[in-house]
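Right, one structure below, let's go through it.
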Amino acid sequence: MTDFLRDLFSHPGSARTVIVLEPDTMSTPRQYEVRPGYALYAAVIGIVVLGALLVAAIVLTPLRGLILGPGTGELRGVAETNAQRAAALEDSLALQYQQIAQLRAIITGEMDDLGDDVLDPAAFSLPDPDSLPDAPEAGPPVAGGDQAQPALPLRTLGPATDAERDARAARAYLDGLRLPALPPVDGVPSRGFDAARGHFALDLAATVGTDVRAFADGYVVFSDWTHQGGHTIAVQHPGGYLSVYKHNSRLLKRVGERVRARETVALSGNTGEITSGPHLHFEVWRDGLAQDPAALLVAP
């Protein structure tokens, strides 16, 4: 075979006649005219095409991750996530150390070691009832429940008499939040509100499966999975308040459902990309601005 290939490709530009003879039969020999140069060109083109297909398969398919490893963007995302987790753990440890020191001071009677912010009545502020906006009037009960359209009665857009305005103000006050409220979950604060570091929430460490209760009356406006927050649910309340509950193990309410204060809306968990352990990430927003939940709770 080696001698045949050597003779065949000794002069690539010349034509060669190849005769095929089957020795065990009496069939007529067949002959073919071959140009070795063309065969070489075809082999080179085939190798180039095969190499291009192999490179495309590596670059454009998940094989890239298996062969070349994660890309720069993915590594950057992992690094950022790890940095956020480290910051969350650092804050959680610092707060736990502070709480342990406070408990030790209370037990030993060394009250002078307590910080000024401990049991500070100013930490629990009540909202100004006069600041509550007028609430839209509720329409008569119709089929379809509370989501019947139009959601905002048109008569609320027109001019109102003094009596109507007084009635709306009284109804808004009665329908408003009762603050301070009880914590949404039975747990221990593990990280406080820190807007400077982008933590617009109060973390409450709780056992997986603990009831997560609504901060106040309202409607569920979000109930779904998020990459960073895991199973997340958000409730819109009167007065422009919005409460958000993240890292749950299970959501019990759907978008559009009405919930009452202290009603269970989810079960706590440890889901999501950014979590430092089983806890509830509790946010409160008002008119688009983050509020410190600890200032709105009785005993955070």
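In this structure, the side chain of Thr232 engages the main chain of Gly230 through a donor-acceptor pair within 3.5 Å. One N or O on the side chain of His247 and one on the backbone of Thr271 form a donor-acceptor pair closer than 3.5 Å. Under the 3.5 Å distance criterion, the side-chain polar atoms of Ser223 are matched with a main-chain donor or acceptor of Lys253. Proximity of a side-chain donor or acceptor of His279 to a complementary backbone N or O of Gly277 within less than 3.5 Å is detected. The main-chain N or O of His199 is never found under 3.5 Å from a side-chain atom of Asp194 such that the two would form a donor-acceptor pair. Remark: the backbone N or O of Arg213 is not paired with any side-chain donor or acceptor of Asp211 at under 3.5 angstrom. Listed for the Arg85 side chain is a donor-acceptor partner under 3.5 Å among the backbone atoms of Glu273. With hydrogens and angles ignored, the 3.5 Å screen pairs no side-chain donor or acceptor of Tyr245 with any backbone N or O of Val235. Using a distance-only test at 3.5 Å, with no hydrogens or angles considered, no donor-acceptor pair links the side chain of His231 to the main chain of Trp225.
The two residues Ile233 and Ala266 have their closest heavy-atom pair at CG2-CB, 4.5 Å. Listed here is the closest heavy atom pair of Gly209 and Leu267: O-CD2, 3.6 Å. The two residues Pro184 and Leu280 have their closest heavy-atom pair at CG-CD2, 3.7 Å. The minimum heavy-atom distance between Ala234 and Val244, with the atom names listed, is CB-CG2, 4.1 Å. Minimum heavy-atom separation, Pro293 to Phe193: CD-CD1, 4.0 Å. Nearest heavy-atom pair, Ser268 versus Thr207, reported as atom, atom and distance to 0.1 Å: OG-O, 2.7 Å.
Placement of Leu289 and Tyr241 in two distinct hydrophobic clusters is found when ILVMFWY residues are connected by side-chain heavy-atom separations under 4.5 Å, directly or transitively. Residues Leu242 and Leu251 do not share a hydrophobic cluster, defined by chaining ILVMFWY side chains whose heavy atoms lie under 4.5 Å apart. Ile45 and Leu53 fall within the same hydrophobic cluster, where Ile, Leu, Val, Met, Phe, Trp and Tyr residues are linked whenever their side-chain heavy atoms come under 4.5 Å apart, directly or through other members.
With a 6.0 Å radius and a threshold of 12 heavy atoms from other residues, nucleotides or ligands, Arg250 has its CZ atom at or below the threshold. Enclosure of atom CG in Asp186 is not indicated, since only 12 or fewer non-hydrogen atoms of other residues, nucleotides or ligands lie within 6.0 angstrom. Taking a 6.0 Å sphere around CD of Gln236, one finds it holds more than 12 heavy atoms contributed by other residues, nucleotides or ligands. Residue Tyr32 places its OH atom among more than 12 non-hydrogen atoms of other residues, nucleotides or ligands, all under 6.0 Å distant.
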**Message:** Between Arg6 and Asp3, is the side-chain contact (heavy atoms from CB on, under 4.5 Å) condition met? List the steps.
**Reply:** CA-CA 5 Å; Arg6 184 182 302 111; Asp3 295 338; 2.8 Å; yes

**Asked** Does the side-chain contact (heavy atoms from CB on, under 4.5 Å) test come out yes or no for Leu50 and Leu54, once each step is laid out?
**Response** CA-CA 6 Å; Leu50 183 60; Leu54 182 60; 5.8 Å; no

**Request:** Please assess Leu202 against Leu297 for the test side-chain contact (heavy atoms from CB on, under 4.5 Å), listing each intermediate value before the final yes or no.
**Result:** CA-CA 10 Å; Leu202 171 67; Leu297 300 179; 3.9 Å; yes

**Message:** Run the side-chain contact (heavy atoms from CB on, under 4.5 Å) test on Lys246 and Gln228 for me, step by step, so that the C-alpha distance in whole Å, both residues' side-chain angles and the decisive distance to 0.1 Å come before the verdict.
**Reply:** CA-CA 9 Å; Lys246 296 182 178 179; Gln228 296 185 348; over 6 Å; no

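Ring planes of His237 and Phe215: perpendicular class, angle over 60° (limits at 30 and 60°).
In this structure, CG in Asp217 is found 12.0 Å from CZ in Arg262, a value given to the nearest 0.5 Å.
Annotation: side chain of Glu263 is not in contact with side chain of Glu257 (no heavy-atom distance under 4.5 Å). Contact of the Leu204 side chain with the Pro189 side chain is registered, since non-hydrogen atoms from C-beta on lie closer than 4.5 Å.
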